[in-house]
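Counting starts at 1 for both ligands and their atoms, in listed order.
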Amino acid sequence: MSYQNLLLSVKEKIAVVTINRPEKLNALNSDLIDELKKVFTEINKDEKISVVILTGGGEKAFVAGADISELNKLDMISAKAFSEKGQEVFNLIENLNKPVIAAVNGFALGGGCELALSCHIRLASDNAKFGQPEVSLGIIPGYGGTQRLTRLINSGRAMEYILTGDMIDANEAFRIGLVNRVYPREELMTKATEMANKIASKAGNAVRLAVKAVNAVDEVSSKEGQNYEASLFALCCGTEDFKEGTSAFLEKRKPVFKNK
Ligand code: COA
């Protein structure tokens with residue numbers, strides 16, 4: 001499948017999706033949202049892919065937000081559909097059956113910050129900038145940001161960033177737990193690939209089920225979450241990879257996982 005605004009490369013179980021509209025700082029227009037839906041739907045089905053890295057094309061931006069020239073034309077009816085469509089795609093990413101690492105290589109503003117929030121792990125370059133500047137445009141975040149940011153960094157901080165629209169740099173984003181790690185710009189993709197390879201070397205079913213278990217925290221009570229965890233733990237123990245992983249440890253050798 002070919003894309004106008006995205007690049008997809010797959011190498012040794014790792015897919016790299018690059019949002020490639022650098023002349024507009026990778027702003028998400030409707031075509032891009034459609035293509036993100038297509039590419040992540042394909043990746044979800046592709047058993048050769050174990051981990052995904054999502055990044056931005058060019059030197060300046062991960063994604064500088066929803067495309068403001070499209071936002072400008074919305075009315076109340078079309079805005080609801082616009083928001084729900086973006087939410088659907090970001091939910092697809094969050095619920096993908098393989099981990100997605102955001103390699104945030106510059107501005108991650110508005111919908112760009114929300115896109116990073118829908119990924120499972122966020123790595124940032126030292127020039128990255130994060131923010132939810134929607135109030136400056138007369139709107140609020142509409143791609144899940146009010147919910148995901150609040151859950152990730154706590155409601156007081158999320159409220160501050162959403163109400164002021166202030167941008168923060170990568171180090172501040174790290175300090176408040178918005179990103180997992182910060183690297184020099186030129187090292188970001190190498191570090192993201194190293195992490196992706198490390199995850200891809202583990203038992204695939206365990207990784208997949210771990211993502212599901214952690215994601216469930218936003219959906220259910222702690223008691224239900226623990227029941228769900230126990231069920232997924234039990235599922236893991238029915239896999240060949242569980243036998244291999246535990247046996248390899250006891251036999252003091254490296255495991256060879258078959259993803260079965
Ligand atoms: N939507 C549409 N176009 C955008 C965009 C967006 N969210 N963000 C940047 N662009 C476009 C600019 O209009 C400009 O296009 P042009 O060259 O045709 O005029 C191009 O990308 C480069 O951006 P520019 O503003 O010239 O770069 P800069 O380095 O001076 O500033 C930003 C960078 C990110 C601070 C600035 O582009 C910005 O504030 N963008 C909007 C961020 C935002 O509010 N996002 C939330 C949307 S919900």
Got the closest protein heavy atom to [atom], with its distance?
| atom | result |
| --- | --- |
| atom 20 (C) of ligand 1 | E23 O, 3.3 Å |
| atom 18 (O) of ligand 1 | K24 NZ, 2.6 Å |
| atom 39 (O) of ligand 1 | L109 CD1, 4.8 Å |
| atom 5 (C) of ligand 1 | A27 CB, 3.9 Å |

* State which residue, out of L109, L117, L178, D169, fulfils the side-chain contact (heavy atoms from CB on, under 4.5 Å) condition with F130. =>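 The single option meeting the side-chain contact (heavy atoms from CB on, under 4.5 Å) with F130 is L178.
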Between [Y] and [X], is there a side-chain heavy-atom distance shorter than 4.5 Å?
| X | Y | value |
| --- | --- | --- |
| I168 | I176 | yes |
| P141 | I162 | yes |
| L123 | N180 | yes |

Checking contacts now, so for [atom], which I'm interested in, is there any protein heavy atom under 4.0 Å?
| atom | value |
| --- | --- |
| atom 12 (C) of ligand 1 | no |
| atom 8 (N) of ligand 1 | yes |
| atom 27 (O) of ligand 1 | yes |
| atom 16 (P) of ligand 1 | yes |
| atom 45 (N) of ligand 1 | yes |
| atom 37 (O) of ligand 1 | yes |

[X] and [Y] ion-paired at < 4.0 Å:
| X | Y | result |
| --- | --- | --- |
| K38 | E35 | no |
| K24 | D67 | no |
| K85 | D34 | yes |
| E244 | R253 | yes |

* **Atom indices of ligand 1 within 4.0 angstrom of P133 heavy atoms, with elements** =>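 Atoms satisfying the 4.0 Å criterion: 43 (C), 44 (O), 45 (N), 46 (C).
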* Identify the heavy atoms of L209 and L232 that sit nearest to each other, and give their distance. =>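 Heavy-atom minimum between the residues: O-CD1, 3.6 Å.
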* Asked: Out of A64, A61, G110, who gets a non-hydrogen atom closest to atom 43 (C) of ligand 1?
  ->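 Residue with the shortest heavy-atom distance to the ligand atom: A64.
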* Of the listed options L25, I68, N26, L28, closest to atom 32 (C) of ligand 1 (non-hydrogen atoms) ->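 Answer by nearest heavy atom: L25.
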* Does an N or O from K60, backbone or side chain, lie closer than 3.5 Å to an N or O of ligand 1? ->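 Indeed, backbone or side chain, K60 has an N or O that close.
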* Applying a strict 4.0 Å limit to heavy atoms, is K129 in contact with ligand 1? ->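 No; K129 lies far enough from ligand 1 that no heavy-atom distance drops under 4.0 Å.
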* Asked: Between F82 and Y143, what is the ring plane arrangement, given parallel below 30°, perpendicular above 60°, and tilted in between?
  ->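 Taking Y143 first and then F82, their aromatic rings lie parallel (interplane angle under 30°).
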